[in-house]
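Report on the following structure.
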There are 2 protein chains.
Amino acid sequence: MAPAQLSRSLIKNLDLFRSLPDAELDAALEKAQVCRLAEGDAAFRQGEVANRFFVLLHGHLKVVQTTPDGEQVVVRYVSPGDVFGIARAMRRTHYPASTLAVEESLALSWQSSEWDHFIASNPYFAANALQTVGQRLQDAHTRIQELSTEEVEQRVARALLRLVDQSGERTEEGILIKFPITRQDIAEMTGTTLHTVSRLLSAWKDRGLVVSGRKRIVVCSLNDLIRLAEGPHNPVAGVPSVERPA
Amino acid sequence: MAPAQLSRSLIKNLDLFRSLPDAELDAALEKAQVCRLAEGDAAFRQGEVANRFFVLLHGHLKVVQTTPDGEQVVVRYVSPGDVFGIARAMRRTHYPASTLAVEESLALSWQSSEWDHFIASNPYFAANALQTVGQRLQDAHTRIQELSTEEVEQRVARALLRLVDQSGERTEEGILIKFPITRQDIAEMTGTTLHTVSRLLSAWKDRGLVVSGRKRIVVCSLNDLIRLAEGPHNPVAGVPSVERPA
DNA sequence: CGTCCCGTTGATCCCTATCAAATGTAGTGG
DNA sequence: CCACTACATTTGATAGGGATCAACGGGACG
């Protein structure tokens, strides 16, 4: 089974599966279903019955929640190695959000009922899951704090930094965010509008902090971006405009 | 051990402990420490090593996160029966927030290391914990959505409704929130200022939606409040509008 | 009875959403 | 290869929701 072979080495290093014995792991892979997603495809949609859970092998997905009146919020981006769609493990019967491929992607999926088998076959599995969800909860609280107390510029700066941290790749120009992302996406991550994000990125581009194009962002000066994220309290008077070359 | 006797019937009905056999439950209670808190006392503070986890028996607590520059966010209120301080279960070594009594309260606590024993003695325990944390994650996402897409008035209305739902008590005047809560608290729950909350409550009072005083809020017209929470001027569904041009 | 909190209310300002258009860029099919 | 289309991005103008600044009023508690 080619895809299983391919994914085995990937899978066995994931947080979630780390403590699973090899035999169990192989048994698990037997039952897994390969899931190919073209750009724009959904692994599942908000409101559907949570029949399956997933591990991303390749590509990038975004998790999106839609409000009753049609507004969208980007919950998070999924990178290779991440688990997603585990609603059922928290005893939720339906997916609370949609998960869409932002580029061509590849995932494995299991029947939700398999979850219990995983837990039964390894006592640490549940604890690992708890840690994963705990991390997400922490992230969510951080975001609530930012939305409650910070200004738009700080929030967008932080969002960029997080993206860089999650999927940044060094290039000639600076650190590139490795998957396609629009102004609108960033707006939905930070609780603002695409217009404001565009203005901010333009201003930053003028200052040499970033380079950006269609669905593409490169961070040139991490340090300056970090300073923006810290807050506007910094007295900007007399800042030397001389850039330090790398 | 009197307090243990007193709390036994309470404990055994909690989600988290529901599946623990009676013998185990008694053993657990043996190891528990009683924790009395006067108004304003902290069960623990943000940044401390997460040595213990808790169950609230009586009273009400608020969980507060403080930002580097001193601003506060109310994460949630804890009601009797709720578990709190379980950071360690998610492999976090330090508490991410402080938990303060808003009135005289009583809790049980265990050494964090006991957590593993609980899990070992009952396979469902971890799953229950996962469900609890999953619920909190869901709540956090709801709040992110509200902060991102809704206006202050809606958010405050929703916060009130949640408080009513969590700790409302029918009285002559309407539904009373059973614990002391200030304008500032509500502001920290909704990402606004005490001034704006005060203005809103005043306006609502004039319209007969609420009655409120010092640290005290009574909701008189639930329905009107629900309408406010839905949105400012939502188009009513079912209006026969002609909007499909050929 | 004074003091500390908590709550109320006015005036002002500014950040940012909103409205409106134009420009730019990838993809597609002829 | 180019016209055509769909979607991303940029940028200006404007308005308004709330934050901020500033005082004052009022109830609780020592």
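A, B, ... follow the sequence lines: proteins, then strands. Residue 1 opens every chain.
For A:Ser202 and D:dT9, the shortest distance from a side-chain N or O to OP1 or OP2 is not below 4.0 Å. Between B:Lys205 and C:dT8 there is a side-chain polar atom (N or O) within less than 4.0 angstrom of OP1 or OP2. Taking only side-chain nitrogens and oxygens, B:Thr196 comes nearer than 4.0 Å to OP1 or OP2 of D:dA19. A close approach under 4.0 Å does occur between a side-chain nitrogen or oxygen of A:Arg183 and OP1 or OP2 of D:dT10. Between B:Thr182 and C:dC6 there is no side-chain N or O to OP1 or OP2 distance below 4.0 Å. Contact check, B:Thr193 against D:dT20: no side-chain N or O comes under 4.0 Å of OP1 or OP2.
The existence of a salt bridge linking A:Arg162 and A:Asp165 is excluded, since no basic side-chain nitrogen approaches an acidic carboxylate oxygen closer than 4.0 Å. Between B:Arg136 and B:Asp139 there is no salt bridge, since none of the side-chain N atoms of the basic residue sits less than 4.0 Å from a carboxylate O of the acidic one. Using a 4.0 Å cut-off between a side-chain N of Lys or Arg and a carboxylate O of Asp or Glu, A:Lys62 and A:Asp185 qualify as a salt bridge.
Atoms CD (B:Glu153) and P (D:dG18) sit 8 Å apart, rounded to a whole Å. The distance from atom CG of B:Leu200 to atom P of D:dG18 is 8 Å, rounded to the nearest whole Å. Look at CG on B:Asp185: it is 13 Å from C1' on C:dC5, rounded to the nearest Å. B:Leu194 places its CG atom 15 Å from the P atom of C:dC5, with the value rounded to the nearest Å. Straight-line distance from the CD1 atom of A:Ile186 to the P atom of D:dT10: 10 Å, rounded to whole Å. Atoms CG (B:Leu201) and P (C:dC6) sit 16 Å apart, rounded to a whole Å. Spacing between atom CD of B:Gln184 and atom P of C:dC4 amounts to 19 Å, rounded to whole angstrom units. To the nearest angstrom, P of D:dG17 lies 13 Å from CZ of B:Arg199.
Within the 4.5 Å cutoff, side-chain heavy atoms of A:Trp204 are placed close to those of A:Glu153.
Under 3.5 Å, the side chain of B:His195 and the base of D:dT20 form no donor-acceptor pair of N or O atoms.
The nucleotide whose nearest atom lies closest to any side-chain atom of B:Glu151 is, among C:dC19, D:dA19, D:dG18, D:dG18. Listed nucleotides: C:dA17, D:dG26, D:dA19. Nearest to the side chain of B:Arg214: D:dG26.
Taking the six-membered ring where tryptophan is involved, the planes of A:Phe44 and A:Phe54 are tilted, since the angle between them lies from 30° to 60°.
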